Amino acid sequence: MKQWHWISLAVVMIASLVLERVAGHHHSEASFWWVHIPGLYGWLGFLGCIGIIVGSKLLGRKWLQKDEHYYDGE
Amino acid sequence: MASELILHPAFLVLLGAVVVPLVSPTVRGKVLPLFPLAALWVCWNLSADHSFSVEFLEYRLSILQVDRLSRVFGIVFSLIGFAGGLFALHLKDVRQQVSALLYAGSALGLVFSGDWLTLFLFWELTAVSSTVLIWSRQGTGSGVGLRYLLVHLFGGSLLLAGILAQVQATGGIALQLLEAGRLSSWLILGGVAVNAAIPPLHAWLADAYPKATVTGAVFLSAFTTKSAVYLLVRVAPGWEILIALGVIMALYGVIFAVLANNIREILAYHIISQVGYMVAGVGIGTPLALDGAVAHAFSHILYKALLFMGAGMVLQATGRSRLTELGGLAGRMPLTLWLYMVGAFSISGFPLFNGFISKSMVVSAALDSRYQAAYLLLLLASVGTFLSIGLKLPYFTWYGRSRPELGVSRPPLNMHLAMGLLAVLCVGFGVFPSLLYAELPYGASYRPYTLPHLVESIQLLAATFFGFWWFRSKLAGQPTLTLDTDWFYRRPAGWVRRWLVDGTSRLFDRADAGILAGIGWLAPRFRNPARWLGRGAEREQGPAISSDDPDATRPKLEFAVTLILLSVLLFTAMAFFG
C-alpha cells in the first residue's frame, strides 16, 4: 500500500461520512432507531470485519481446525 | 414433435452430448460451446407462454413450460454453458466434455419442466453427470466423488418421496406451490435443501467443488445450487423458515471461508454464503425479494464462474491451490489477477459491478418487510464476502510472500477470453442494471443507484478494508482441515468400516481357518473309515498286498452282509410295529 492509496481511502471514508448526513436514508430505514447512529455502516464494516476474523479463528483453533490428514484413515 | 424437441434448449445441449464424441478429437472442444450458444438463442426467443407436452402412461409430461421465471434461468444457464465451453475449448478429455454438456442440458431441462416427474428425471441427471466432473480429476476410486453422488442420491430420494406423496395427495403431477403442513412439502423441501446446500446438508459442496477439474468446477459452480434456488422460487415463495436458513447460510459460508486454506474451497464456501441471500429472498417472498433472488442467482452465476476460472487458472498454471503454497503471482499472472478482481468486486457488491445491483434487492427487501436482524446480518455477511474473496484470497495468492520457486505455465488464450467475456458481463449488468431488471419475472421496481445506497456501500467496504489491513496477518492460510457437517458421515464411515466390514472379514477369516483346521483333522480319518469302522482291511494288510491293490482298503464281505441283514431287520421291525 502506497501513501496515495491511504490518502484516497481516507478521502473516500470522510466523504462517505459527510454525505451520509446529506443523503438521508431509504424510506423504509427511517423508522428504525439504529439507522441514526453516525457512521453506522462504517462501524458495521470495521467491527464486523474484525469480529468475523477473531470469531472464526477462535472457533477454528478451539474446535474445527484439524490436521490435514485427519480423514486419511478413512 | 421432432421440430419441437430440437427447439427445446435442453435437448439442443443434450444433442451436443451425443454429437461431440462423434466428431474429430481436434475439433471437439470448438464444437462444444456451439450447443449452449444455440440454446441461448432459443431461450432468448422463447415466448413467455410457450409449452410442449407429451403423453406418458396416464400422465401428460410438460417437458417445456416457459414463463418469465424459467426463461431468465434458461438464458443464464445457456450463457454460462457457452462461457464454460469457451474456457474448456482446449480440453481433449471427451468424458468431461460429454458430462459437462449432459449437466448443462439437464439443468436447462429442469428449469423448463412443467411437472414433477420430468423435473425429477433432470434433477437426477444433473447429479450423475456432475459427479463425472469430480471423478475426472480424482479418479472413480476416490472417496469424494462417491460421497458427492451418495449425498445427491439421498437428496433425490427425499425429493422423489415428496413428489410421490404430493402426486397422491393432489392427484396431479403439475408443478405447484407447496402447501404448509404437508409431509410431502417438507420432503420436497428437504430434497431441494440438499442441492441448495442449506446447512446442515451443505457439506458436499465444500468437499467436492475444490476437488473437481479446473474446467469442471466452472460448470459445477453454476448449475446445481441455482437450479435448486429456481425450484424454491417456483414452489416455496414466502416460506418464512427460509429467511432464517438463508441468513445462517450467508454467515456460515463466511466463517468457514476465513478458515479455509484452499482457494477453491474459499470460493465454494462463498457459494453457500451467496445462495443464502437467494434463499432468504425466497423466504421474504415479496415481489422485490423474489426478483432479487432471481437477479442475484443471475449475477452470481456470472461472477462465481469468473472467480472459479481465476482460481482454476492459478491451479493450472502453478499446480497449487493452497494459500500456504501460493504468493507473489501478481507480476506473473497480471491479467488473471485483474479479471479475477472484477469477479471479486462483483461478489463484494462494489457499485458498477453486477453483485451491487442484485444483492441489494434482497437486502433492501428484508428491510422493507421489517426483518431488521436479517438486514443487518446479511450486511455483515457481505463484509465477510469482501474480506475473503476480495481481500484475503487475492492478497495471499497474488501478493503476500513472494515464491520465485513456483513454476508458472502460460494458460491457453481461450481461458482468458472466457474470463474476459464474463468480466464484461459483470460490469455491463452493473452499469446498465435495466438490462437485467427488464427480464425479471415479478415486475418489482428498484433503483440501485441512489445516493444513500451508494454512501452506505462505499462506507461499509472501505471500513472492511481497514479491518482487514489491521488483522491481515491473522488471515494467512494455515495447513489445516476444517471440520464440517460431513464429519457425521466421513468419520463414522471409518468406524462403520472397521466394525462392519473389517469385523465381518475377520469373522469370516477365523471361520475359514477353523473349518480348514477341522477338515485337516477329519480328512485323513475319512480317507478310509473302514480303518476305524470295520478294522477288517487293516487286519488283512500284510506285506503280500501291495498298496495299489484295490482290496487293501476294501471292507471284508462279512461287513457288507451284516449291514444288509441289519437293514432287513430294521425294516421288518418298522413294518411290524409301525
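Below, chain A is the first sequence line, B the second, and so on; all start at residue 1. Bear in mind the structure is a predicted one, so any value in this text is a computation, not a measurement.
Heavy atoms closer than 4.5 Å to chain A are found nowhere in B:Tyr399, neither backbone nor side chain. With a threshold of 4.5 angstrom between heavy atoms, B:Leu259 approaches chain A through its backbone and through its side chain. Heavy-atom distances place no part of B:Arg447 under 4.5 Å from chain A, backbone and side chain included. Contacts of A:Trp63 with chain B are made by backbone atoms alone, with heavy-atom separations under 4.5 Å and no side-chain atom involved. Using a 4.5 Å cut-off between heavy atoms, A:Leu17 contacts chain B through both its backbone and its side chain. Contacts of B:Asp486 with chain A are made by both backbone and side-chain atoms, with heavy-atom separations under 4.5 Å. Heavy atoms closer than 4.5 Å to chain B are found nowhere in A:Val22, neither backbone nor side chain.
In this structure the side chain of A:Lys66 never reaches within 4.5 angstrom of the side chain of B:Thr480, judged on heavy atoms. Looking only at side-chain heavy atoms (C-beta outward), B:Leu481 and A:Asp67 stay at 4.5 Å or farther from each other. Between A:Met1 and B:Phe465, the closest side-chain pair of non-hydrogen atoms falls below 4.5 Å. Using a 4.5 Å heavy-atom cutoff, the side chains of A:Lys57 and B:Gln478 are in contact. By the 4.5 Å heavy-atom criterion applied to side chains, B:Leu367 and A:Phe32 are counted as neighbours.
Nearest heavy-atom pair across B:Val455 and A:Ser16 is CG1-O, 3.3 Å. Nearest heavy-atom pair across B:Ala462 and A:Leu9 is CB-CD2, 4.1 Å. Minimum interatomic distance between A:Gly42 and B:Ala463 (heavy atoms only, all atoms of both residues): O-CB, 3.1 Å.
Close approach to chain A, defined as a heavy atom under 4.5 Å from one of its heavy atoms, is seen in B:Arg370, B:Gln372, B:Tyr375, B:Leu376, B:Leu379 of residues 370-379 of chain B, taken by number. Residues of residues 467-477 of chain B that come within less than 4.5 angstrom of chain A, heavy atom to heavy atom, are B:Gly467, B:Phe468, B:Trp469, B:Trp470, B:Phe471, B:Lys474, B:Leu475, B:Ala476 in numerical order.
One finds the CD atom of B:Gln459 at 11.5 Å from the CD1 atom of A:Ile14 (value rounded to the nearest 0.5 Å). A distance of 3.5 Å separates CD of B:Glu456 from OH of A:Tyr41, quoted to the nearest 0.5 Å. Rounding to the nearest 0.5 angstrom, the gap separating the SG atom in A:Cys49 from the CG atom in B:Leu391 is 7.5 Å. Taking CG of B:Leu454 as the reference point, atom CG of A:Leu19 lies at 9.5 Å (rounded to 0.5 Å). Rounding to the nearest 0.5 Å places CD1 of A:Ile53 at 8.5 Å from OG of B:Ser388.
Side chain of A:Gln65 to backbone of B:Thr482: no donor-acceptor contact under 3.5 angstrom is found.
Atom CZ of B:Phe488 is surrounded by 12 or fewer heavy atoms from other residues, nucleotides or ligands within 6.0 Å. For B:Trp495, the CH2 atom is densely surrounded, since the number of other residues' heavy atoms within 6.0 Å is greater than 12.
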Handout entry: B:Leu380/A:Ile52 under side-chain contact (heavy atoms from CB on, under 4.5 Å): CA gap, chis, key distance, verdict
Key = CA-CA 9 Å; B:Leu380 183 66; A:Ile52 288 169; 4.2 Å; yes
Exercise for the section: Please report the C-alpha distance between B:Phe466 and A:Ile50 in whole Å, then the side-chain angles of each, then the deciding distance to 0.1 Å, and finally whether the side-chain contact (heavy atoms from CB on, under 4.5 Å) criterion is met. Expected result: CA-CA 9 Å; B:Phe466 288 122; A:Ile50 293 171; over 6 Å; no
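A cation-pi contact, defined as under 6.0 Å to the ring centre and within 45° of the axis, links B:Arg491 to A:Tyr70.
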